[in-house]
Amino acid sequence: MMIVTRFAPSPTGYLHVGGARTALFNWLLARRSGGKFLLRIEDTDLKRNTPTAMRQVLDDLRWLGIDWDEGPEIGGPHGPYLQSQRREIYDRYVRQLITQKKAYYCFDTPEEIDRLRKDAEDRKQVFLYPRPERFPDPSEAEKAAAEGRPVTVRLAVTETEPIVVRDLLRGEVTFNPAEIGDFVILKSDGFPTYHMAVVIDDELMGVTHVIRGQEHLMNTPNHQLLQKALGFRIPEYLHMSVTVSDSGGKLSKRERPEHLRKAILEKKDADRDELAKVGRISRQQLDSFLLKESIPDMPAIDAIAAHLGIHLPEINVVDFLKSGYLPEAMVNFLALLGWNPGDGREVMDRQELIEAFDLSRMNKSNSLFDRQKLMSFNTEHIKRVPPEILVSHFRRFLEVVHSPVAQADDQLAAHLVRINEGARTLAQIEEKCRFAFVPDEAIEYDLQAVKKVLRKEGAIDILKIIAERLKAMSEFTAEGLETMLRQLAEEKQAGLGKVAQPLRVAITGATISPPIFDAVKLLGLDRTLRRIHQTIERFKDE
RNA sequence: GCCCCCAUCGUCUAGCGGCCUAGGACGCCGGGUUCUCAUCCCGGUAACAGGGGUUCGAGUCCCCUUGGGGGUACCA
């Protein structure tokens, strides 16, 4: 039998790494087994959906290299793949259950339900919805709706035998049906609940294996109850461990705003009107955010953080893109969070992951999202990925972060990548090369660099000599430069550093750059000379 | 509160009763290479949560305790 897996995100925001990991494992299983992987959008909660989220989720999956065989934008035999477009299908099954007296209408307001739940809590009992003696018939539902009462449908949970969930990872987990109340399957807005929609779609779409987060383990008995009531098969289930954050607790989208909020509160001198302005939000919105009352959208968060110069922890997939990580590293790292090939290998590309993947090698325990380990994978993959792929990643990165380096064409970008061997992220390559893409007068001299290098005895003199000899060079090549600089160092009876460092600071303003010969060559003779002179003028009297 | 899951170095993990004097990777510490930042090379530090069983033998099986995580919605 062909294995069919799926990833079913709800478009409530950007795809975060936890979701990406879930998608990845489903994808790996499908690819390993020659099965199908499909994508379905669970947008049955109109309050939480955001219009751009689906687009972003699809982009992020594609960036990671996780492709789907059926789903949004490509279609397939089981569409539509947006649950919001499948209302008639769900309605049909809801009606079926009502006709069979397996489900029934309810007309309670949320307030009434809240009261019942509170009462149960006060008595220290589990809340179970009080099933009516007689189920209302459709005419009563119509009447209630006409009167403006909310109409929902609940499944009558009449099961008395223990419900056994067979989990591929955890074995058999037994639940007591007496603790599962009659749960809602159709909401008062006419949309099915998650439980109802997921069970129907997985059946209709032929999903054979459901790999999802441990947070769904407790939902599974409900799903099995529904599958039984509807006469559906029960797919294989595997509930993965959860990825927790290095700041403690489950990895959450809220971490970025939280981090920023703390940073703002710590900076007592920060001008809050100014912050609101750079975030393009009102002062009231900012204050409300600082009081933990609300959370601004992501562009605002990013803008304010950038303004304050603070690095927010990456959570969403797109955050990692913006920090200069490679999708290959992300996929590799995520795959190793809760799985391993068993032969000690760690650095693997997608193909190697697919070939080695095996459900039996998955782990049960939660794992911590360790950014340092991710960084190490990124370093490895920068070295490992084919040059043309790396260049295309680099150019995409430059676009996304709006770098001045984005002016570079493929050939130049390839060169920049080549002269920065050993970089850990694309961001590091960009930082080191940016000096060559900004106007001469725009370079800022790093305070530490000036102090450590330019103000040292003889530094300015060396710059003068370098300028003279550069002008005297017959041919401006990296080799020629190297010969010239090494010779100069020898004359001064010093290491190359004695010569290279002042030059580096003069042309970049900083102590970090690509290798000095490459850096000068990149900038070109004229601009190098101009920057040297500019530097001499500025620091000669200090 | 109730329900469920989990438990080996700081982190990711190998280990599926004797091959374990517990292995690897990341990090960290020390050293080396180097024009800066990195990369790279060498060395070192560091763990079976605790307590009971089972067994000739337990990191590996069972129970309890503790700890961590998840769930407890007309969210998914």
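By convention in this document, chain letters (A, B, ...) are assigned in the order of the sequence lines, proteins followed by strands, and residues within each chain are numbered from 1.
Among A:Glu328, A:Glu352, A:Glu346, the one residue that satisfies the salt bridge (charged side-chain N to carboxylate O under 4.0 Å, His left out) test with A:Arg384 is A:Glu352. Put simply, the residue from A:Phe320, A:Tyr325, A:Phe369 that forms a ring-ring contact (aromatic ring centres under 6.0 Å, His included) with A:Phe333 is A:Phe369. Between A:Phe435 and the choices A:Ile507, A:Val405, A:Ile512, the side chain to side chain contact (heavy atoms under 4.5 Å, CB included) rule is met once, by A:Ile507. A side-chain hydrogen bond (donor to acceptor under 3.5 Å, both in side chains) with A:Arg86 is found for one member of A:Asp91, A:Thr44, A:Asp201 and no other, namely A:Asp201.
Comparing B:C5, B:C12, B:C3 by their closest approach to the side chain of A:Leu217 singles out B:C5. Distances from the side chain of A:Asn219 to the nucleotides B:C35, B:A76, B:C6 place B:A76 closest. Taking the side chain of A:Leu368 as heavy atoms from C-beta on, and the options B:C35, B:C12, B:C74, the nearest nucleotide is B:C12. Considering only the side chain of A:Lys383, B:U39 comes nearest among B:C6, B:U39, B:A73. Each of B:U36, B:G70, B:U39 was ranked by its minimum atom distance to the side chain of A:Arg504; first place goes to B:U36. Here the nucleotide nearest the side chain of A:Ser365, chosen from B:C40, B:A7, B:C74, is B:A7. Between B:G71, B:U36, B:C26, one nucleotide has an atom nearer to the side chain of A:Met218 than all others, and that is B:G71. The listed nucleotides are B:C37, B:C35, B:C74; the one nearest the side chain of A:Lys432 is B:C37. Of the candidate nucleotides B:C5, B:C75, B:C35, B:C5 has the atom lying nearest to any side-chain atom of A:Val173. Checking B:G70, B:C3, B:A76 against the side-chain heavy atoms of A:Ser10 singles out B:A76 as nearest.
Heavy atoms of A:Leu336 sit under 4.0 angstrom from primed sugar atoms or phosphate atoms, though from no base atom. In this structure, A:Gly338 reaches the sugar-phosphate backbone alone: every heavy-atom distance under 4.0 Å involves primed, P, OP1 or OP2 atoms, never a base. Residue contacts for A:Arg361: at a heavy-atom cut-off of 4.0 Å it reaches the sugar-phosphate backbone alone, with no base atom in range. Across all strands, A:Gln372 comes closer than 4.0 Å only to sugar-phosphate atoms, never to a base (heavy-atom distances). Backbone-only engagement by A:Arg170 is indicated by non-hydrogen atom pairs under 4.0 Å involving sugar-phosphate atoms exclusively. Across all strands, A:Phe517 comes closer than 4.0 Å to base atoms (heavy-atom distances). No contact: A:Leu485 has no heavy atom under 4.0 Å from any strand. Looking at heavy-atom distances under 4.0 Å, A:Asn420 makes no contact with the nucleic acid at all. Nucleic acid contact class of A:Pro514 (heavy atoms, under 4.0 Å, all strands): base. Within the 4.0 angstrom heavy-atom criterion, base atoms lie near A:His216. Within the 4.0 angstrom heavy-atom criterion, only backbone atoms of the sugar-phosphate kind lie near A:Glu42; the bases stay farther away. Among the atoms of the strands shown, none is found under 4.0 Å from any heavy atom of A:Thr508. A:Glu380 comes within contact range of the sugar-phosphate backbone alone, with a heavy-atom separation under 4.0 Å but no base atom that close.
B:C4 and B:G43: their C1' atoms are spaced 46 Å apart (whole Å). One C1' atom belongs to B:U11, the other to B:G50, and the distance between them is 23 Å to the nearest Å. Separation of the C1' atoms belonging to B:C62 and B:A25 is 33 Å when rounded to the nearest angstrom. Comparing B:G71 with B:A58, their P atoms sit 39 Å apart, to the nearest whole Å. For the C1' atom pair drawn from B:U34 and B:G44, the interatomic distance equals 23 Å after rounding to whole Å. Straight-line distance between the C1' atoms of B:G68 and B:C29: roughly 29 Å, to the nearest whole Å. As rounded to the nearest Å, B:G53 and B:A14 have P atoms that lie 30 Å from one another. On the C1' atoms, B:C9 is 12 Å away from B:C26, given to the nearest whole Å.
The line from CG of A:Leu15 to CG of A:Leu58 is 9.5 Å long, rounded to the nearest 0.5 Å. The CZ atom of A:Phe127 lies 9.5 Å from the CD atom of A:Glu121; values are rounded to the nearest 0.5 Å.
A sub-4.0 Å separation between OP1 or OP2 of B:A76 and a side-chain N or O of A:Arg48 is absent.
In terms of polar N and O atoms assigned as donor or acceptor, the side chain of A:Glu346 comes within less than 3.5 Å of the base of B:G24 in a complementary pairing. Remark: the A:Thr152 side chain and the B:C74 base include no donor-acceptor N/O pair separated by less than 3.5 Å. Judged by atom type and distance alone, A:Lys373 reaches the base of B:A25 through a side-chain donor-acceptor pair under 3.5 Å.
Using the Watson-Crick or G-U wobble rule with both distances under 3.5 Å, B:A7 pairs with B:U66. Across all strands shown, the partner of B:G1 is B:U72, judged by Watson-Crick or G-U wobble contacts whose two distances both fall under 3.5 Å. In this structure, B:U36 forms no base pair with any nucleotide, since neither Watson-Crick nor G-U wobble geometry is met with both distances under 3.5 Å. Figure legend. B:G44 is base-paired to B:C28; pairs are counted as Watson-Crick or G-U wobble with both atom distances under 3.5 Å.
One can place CG of A:Asn176 at 15 Å from P of B:C2, the figure rounded to the nearest angstrom.
Side-chain contact between A:Tyr104 and A:Arg131 is present, with heavy atoms from C-beta onward closer than 4.5 Å.
For A:Phe127 and A:Asp518, each mapped to the nucleotide of RNA chain B holding its nearest heavy atom, the one lying further toward the 5' end belongs to A:Asp518. Between A:Leu169 and A:Thr109, it is A:Leu169 whose nearest contact on RNA chain B lies nearer the 5' terminus.
Of all the heavy atoms in A:His239 and A:Arg170, the pair that sits closest is O-NH2, 2.8 Å.
The cationic atom of A:Arg166 (NZ for Lys, CZ for Arg) does not lie both less than 6.0 Å from the six-membered ring centre of A:Tyr237 and within 45° of the ring axis.
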